[in-house]
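Scroll down for the structure; my scribbles are underneath it.
Numbering of ligands and ligand atoms starts at 1, following listing order. No experiment lies behind these values; they were computed from the predicted model shown.
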Amino acid sequence: MGSEELEAIVARAAADFAAAPDPAALENAKAKVLGKTGELAAFRSSLGSLPAEERKAAGQSYNSAVQRIENSLEQRRKQLALAKLESRLAEEALDVTLPGRGRARGGLHPISRTWRRIEEIFGSIGFDVADGPEIETDWYNFTALNNPENHPARSMQDTFYVDLKDAQGLPLLLRTHTSPMQVRYARAWVDRHRRTAAMPPIKVIAPGRTYRVDSDATHSPMFHQVEGLWIDEDISFADLKSVYVDFLRRFFESDELRVRFRPSYFPFTEPSAEIDLQFASGPLQGRWLELSGAGQVHPQVVRNFGLNPEKYIGFAFGSGLERLTMLRYGIDDLRLFFDGDLRFLRQFA
Ligand code: FA5
């Protein structure tokens, strides 16, 4: 085999490698030229039979041919690897700047909407917003509110008790209403203004969660109330009526409301009333629903605030947020608020 043939093998190998479409075809082409029975093997074995003076030059030609074939093989291997990488990159290309798929927009729960609305309306007429504990002592929840020892709300059936005791050895409980916040807020207020000759008026709302052993279409074991309290030297039941009716008009965005103040009894107010509103639309159209308890704060409670009931007087109310929301949207079952059914909740988003 002469050097021309050797050059032809090198050229053919380079062409075969260049034509190999993938690594497997490339390895086949390599075996064809460099393998044990490949085209170069015969040339190599013929080297031994050459006369000594030709052997060296022939050996060098052989080595150079092998070297060049291996170079073109390596070059093609790199090309194929690069092409594979590029095609994978193109296939798996990700546009990281695109927004994620199916990202749903959240919305406020209807009770949260009511809560915010109440804070806005009362905030706009100068009421502070306060927050307090849901786990209460017997004193704040009952005694301070002039609630007699044997009142049914204290019974194990009406109230959720906690397996912990307060400083008096009485079990702690989940507050049954937001009214304890009247006492907490007023006492802190009085404390803060102890040295002030004329105490500034107390004007606050306290929205939050409350708990009772109650469950039907208009009662749930956990519900929300908002407490309102306005204490000054001359705040009367007439102020309660005007503030509350004005609140309802703004809350329901209507001047055509049918509101009823029905005489009632609460140990912590005297006189007391329950405030009812009539459904204007929806399945319960025409039906009255109790929204709130209210009244003029009882002198014993004013005393428990740390104030002189001869001088200070005012009103309080405690309204149900679920009830306000039911009336606003014409919803006939309060349990819908807590089922977490998206078909219901999406209507408010
Ligand atoms: C009270 O809780 C008094 N603390 C209200 C009060 C405050 C009176 C200040 C005077 C002065 P009552 O138990 O009626 O009152 O509850 C008040 C409102 O909470 C009800 O009108 C109703 O809207 C709501 N409510 C009561 N129980 C539930 C319940 N289980 N589920 C949903 N809402 C309820």
Can you figure out which of Phe337, Tyr211, Phe223 has its heavy atom closest to atom 33 (N) of ligand 1? Phe223
Can you say whether the rings of Tyr244 and Phe247 are parallel (under 30°), tilted (30 to 60°) or perpendicular (over 60°)? perpendicular
State whether Phe251 and Arg117 meet the cation-pi test: NZ (Lys) or CZ (Arg) under 6.0 Å from the six-membered ring centroid, and within 45° of the perpendicular axis. yes
Under 3.5 Å between some N or O of ligand 1 and some N or O of Ser220? yes
Leu291 versus ligand 1: do any nitrogen or oxygen atoms come within less than 3.5 Å of each other? yes
Taking the minimum heavy-atom distance to atom 15 (O) of ligand 1, which of Tyr265, Phe317, Phe266, Phe268 ranks first? Phe266
Pick from His177, Arg212, Gln182: the one approaching atom 12 (P) of ligand 1 most closely through a non-hydrogen atom: Arg212
Of all the atoms in ligand 1, which lie at a distance below 4.0 Å from a heavy atom belonging to Asp214? 30 (N)
Nitrogen or oxygen of His219 less than 3.5 angstrom from that of ligand 1: no
Within 45 degrees of the axis of the six-membered ring of Tyr140 and under 6.0 Å from its centre: does Arg184 put its NZ or CZ there? yes
Minimum non-hydrogen distance to atom 17 (C) of ligand 1, winning option of Gln225, Met326, Glu322, Arg175: Gln225
Separation between CZ (Phe315) and CZ (Phe237), nearest 0.5 Å, reads 10.0 Å
Look only at interatomic distance and state if Ser319 has a nitrogen or oxygen under 3.5 Å from any nitrogen or oxygen of ligand 1. no
Are any of the N/O atoms in Ser179 less than 3.5 Å from those in ligand 1? yes
Part of Ser272 with heavy atoms under 4.0 Å of ligand 1, whether side chain, backbone, both or neither: neither
